[in-house]
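Numbering of ligands and ligand atoms starts at 1, following listing order. In what follows, residues are counted from 1 in the order of the sequence shown.
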Amino acid sequence: MRTFPKGGPMRIGILTGGGDCPGLNAVIRAIVRKGIQCGDEVVGFRDGWRGVLEGDTVPMDLAAVRGILPRGGTVLGTSRTNPYALEGGADRVLATLERLAVDALIPIGGEDTLGVATKLAEAGVRVVGVPKTIDNDLDATDYTFGFDTALGVATEAIDRLHTTGDSHHRTLVVEVMGRHAGWIALHAGMAGGATVVLIPEQPFDVDAVVAHCQRRFDSGYSPIVVVSEGAKPKNGELVLATGERDAFGHVRLGGIGTALASLIEQRTGREARAVVLGHIQRGGTPSPFDRVLATRFGLAALAAVHAGETGVMVALRGTDIVLVPLAEATAQLKLVPVDRYAEVEVFFG
Ligand code: F6P
């Protein structure tokens, strides 16, 4: 890579990878706005690592970021492309960065996108990562942006479902996102007063779920069951997946809510319906919390590349933005601890 005077103007590549997430545009805007003030040139790669592999770029000037702060999604587009799963993929990435004279790369993504960033940093690319995922399961940061927005959507859905469920005396099962970690289910279930919350970290007992629903009916109200898409029963039944996998090997999930609703209906003898929130949780305008966190992450990432940092990720610790080693941040997922689940269990039934 080119050497550059520390603190001087740079050519910075940015990309957004993995599932989209409210707040991505706020990060992009912050990098571009501050970068322009520093005399930088910002190159946007389209659709995550695909854009780097193919040299598909878009110039990111002031006009490109006007009005994008409150917009969901990502103006750069995204993909789940994994250069390391493709023959010669890493070399193609390095060749693009060399050809475009990119001094530093700021990839914005979750465990997969930042996993690629970690390997590139080890290969000598100057990289500062920005964590994003609505799942909030990236280790080394207290929160990722996108989570707060998704949580707001899920909580509002639960509030709405309480009133219709009680009117019809039926169980409503709400399936939320969360492949490996149940943060959205845990927080939305607690905020929305769910009857039961089921998360991937805690295999559930079907009999206990049915008993909680029955108790709720007995008290004159209708149950709301919040289930993460990745939750599994203890005995292994109800495991649902299409079998399709993405470039990072993740199975496409979905269907646990519907299966659970039909089981609860059979066992309680009362009607049960499932509501799958799916991508509604990922779309739309970011919450103020997510806009602020994303903006602060963008500013900190830009400052870090100017300070000559590499192989690091910006992270939130308390109210401070800090730098953590990328390798450490992507080594393991941040799962819901047992004691956090115990807190929400107090309200079951
Ligand atoms: O990782 C974020 C996430 O929203 C997961 O909760 C979910 O399993 C996955 O992405 C779904 O991805 P996609 O919509 O791209 O298939």
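- At distances below 3.5 Å, at least one donor-acceptor pair connects side-chain atoms of T195 with backbone N or O atoms of I224.
- Aromatic ring pairs are classed by plane angle as parallel below 30°, tilted from 30° to 60° and perpendicular above 60°; the pair F147 and Y143 is parallel.
- At least one donor-acceptor pair closer than 3.5 Å links the side chain of T310 to the backbone N or O of V127.
- Atom CD in E265 sits 8.5 Å away from atom OG1 in T171 (nearest 0.5 Å).
- Salt bridge present: R340 and E343 bring a charged side-chain N and a carboxylate O closer than 4.0 Å.
- Legend: residues meeting salt bridge (charged side-chain N to carboxylate O under 4.0 Å, His left out) with R179, ordered by chain and number and at least two apart, are absent.
- Residues lining ligand 1 at a heavy-atom distance below 4.0 Å are given as R80, I134, D135, M177, G178, R179, E229, H279, R282, ordered by chain and residue number.
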